[in-house]
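Working notes, structure below.
We number each residue from 1, following the sequence as shown.
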Amino acid sequence: LDFITVLSIVLSLLALVFSYALISREHEEGTLRLIFSNYNGRIPFLIGKITGVLLSLLPILVFCFLLSALFIVLSPDIKLHISDWIRVVILFILSILYILVFILMGTIISAFVKRSSTAIVLSMLCWIWFVFLWPVSGSYLSKSMVKTDLYDNVRNSLDDLDKEYGKLEGEQWGAIQTRLNMRGTNWWNASGGEDGYFETYGSPSETMEFHRQLNSWKEPVRLSYADRKWPVQKEYLDGLIRQQKMEKSLSWLSPSEILVQAASCLCRSSEKDFLRYMDETRQYRET
């Protein structure tokens, strides 16, 4: 389970459950006029209510972070540096602000609604909209606004290049056998894969020479076809990245999505970090 996702769902719900009746219940019970008649200002009253809810939820948040930190400290395979722990502290502060946003949301609803039953319904509707419906709507809107080609079409283009390469390889296979006066190819032990890996041993010398000549021709051609396949894939991936940027821009209207994006940046698990990692992988492979 993703810790931040659970955090954004559960704690936002608790914040609304604890705050939806802060003012409406006082209004229903008739104690609101009594409170303000004792020289209590509205601002201290609101600050006290909001602080009370925040302090009620804070131990849950602290427990979650301490439990996660304990798992990290006790795990022999994970080691965080000081900069990483600073990121965890920043994430903890952002989580507090996230809870505070939903507390304020519940307080505002409670202030404008006279009945607690109405306040809880509106609070749940807001929670469902901001946590679930708007992220899905943002994803749908981004796909509608930024069009990309179907992946089946991309796959068909790649398959056509593979078939073209396979036809050339078959022709070269027969040409080398003719040049070496071979009626067939015999292997004692051989294994390989679609990525170009091939290993054989214990085979006749003619078979070894056949594969030497075949691979001398095949590898440059195979790499050239890989270079031809990459632009097709890159165009499709660039379209997905444009969709994702649009989806991120739309998701800024949801507090839960803001928390998730902030956590991804702090934990270096965002799409941008992943693409940077892929670039480093390609550079390493080429080197």
Using side-chain heavy atoms (C-beta onward) and a distance below 4.5 Å, is F65 in contact with L91?
yes
Name the one of V101, V260, V131 that satisfies side chain to side chain contact (heavy atoms under 4.5 Å, CB included) with P255?
V101
Output yes when E209 and R212 qualify as a salt bridge under the 4.0 Å nitrogen-oxygen rule, no when they do not.
yes
Any idea how W187 and H211 line up, ring-wise: parallel (<30°), tilted (30 to 60°), or perpendicular (>60°)?
tilted
Donor-acceptor pair, side chain of S12 and main chain of I9, under 3.5 angstrom:
yes
May I ask you to decide if the ring planes of F274 and Y277 are parallel, tilted or perpendicular, using 30° and 60° as cut-offs?
tilted
Check the angle between the aromatic planes of Y151 and Y236 and answer parallel, tilted or perpendicular using the 30° and 60° thresholds.
tilted
K79/D84 under salt bridge (charged side-chain N to carboxylate O under 4.0 Å, His left out): CA gap, chis, key distance, verdict:
CA-CA 9 Å; K79 184 178 180 181; D84 298 321; over 6 Å; no
K114 to E28 - nearest heavy-atom pair and separation
O-CG, 3.3 Å
Is E271 paired with K248 through a side-chain N to carboxylate O contact shorter than 4.0 Å?
yes
Please check: side-chain N/O of D238 versus main-chain N/O of E235, any donor-acceptor pairing under 3.5 Å?
no
Do the ring planes of Y165 and W217 sit parallel (below 30°), tilted (30 to 60°) or perpendicular (above 60°)?
parallel
Taking every heavy atom of S68 against every heavy atom of F3, the minimum-distance pair comes out as OG-CE1, 3.7 Å
For E164 and R228, what are the C-alpha separation, side-chain angles and deciding distance, and is it a salt bridge (charged side-chain N to carboxylate O under 4.0 Å, His left out)?
CA-CA 12 Å; E164 184 179 333; R228 290 174 61 185; 3.5 Å; yes
Closest non-hydrogen contact found for S110 with S19 is CB-O, 3.9 Å
Please check if the side chain of W134 supplies one atom and the backbone of W252 the other of a donor-acceptor pair under 3.5 Å.
no
Quick one: which residue pairs count as a salt bridge (Lys or Arg N to Asp or Glu O under 4.0 Å) with a foot in residues 49-64, not counting sequence neighbours?
E26-K49
N/O donor-acceptor pair under 3.5 Å between S142 side chain and S139 backbone:
yes
Would the distance check show the side chain of T51 and the main-chain N or O of I47 forming a donor-acceptor pair, the cut-off being under 3.5 Å?
yes
Answer yes or no: is there a donor N or O on one side and an acceptor on the other, between the side chain of S8 and the main chain of S256, under 3.5 Å?
no
Within the supplied structure, the quantity of interest is the number of heavy atoms (other residues, nucleotides, ligands) at a distance under 6.0 Å from Y197 OH; does it exceed 12?
yes
Measure from the side-chain N and O atoms of S254 to the backbone N and O of F130, and report whether any donor-acceptor pair falls under 3.5 Å.
yes
Against the six-membered ring of F45, is R42 placed for a cation-pi contact (under 6.0 Å from the centre, within 45° of the normal)?
no
Might you work through the side chain to side chain contact (heavy atoms under 4.5 Å, CB included) test for T200 and M208, ending with a clear yes or no?
CA-CA 8 Å; T200 181; M208 295 298 190; 3.9 Å; yes
Does the ring-ring contact (aromatic ring centres under 6.0 Å, His included) test come out yes or no for W127 and F102, once each step is laid out?
CA-CA 8 Å; W127 178 71; F102 278 91; 8.5 Å; no
Where do G239 and V146 come nearest, in terms of heavy atoms and distance?
O-CG1, 4.2 Å
Just by modelled atom types, is the L133 backbone N or O under 3.5 Å from a matching donor or acceptor in the S137 side chain?
yes
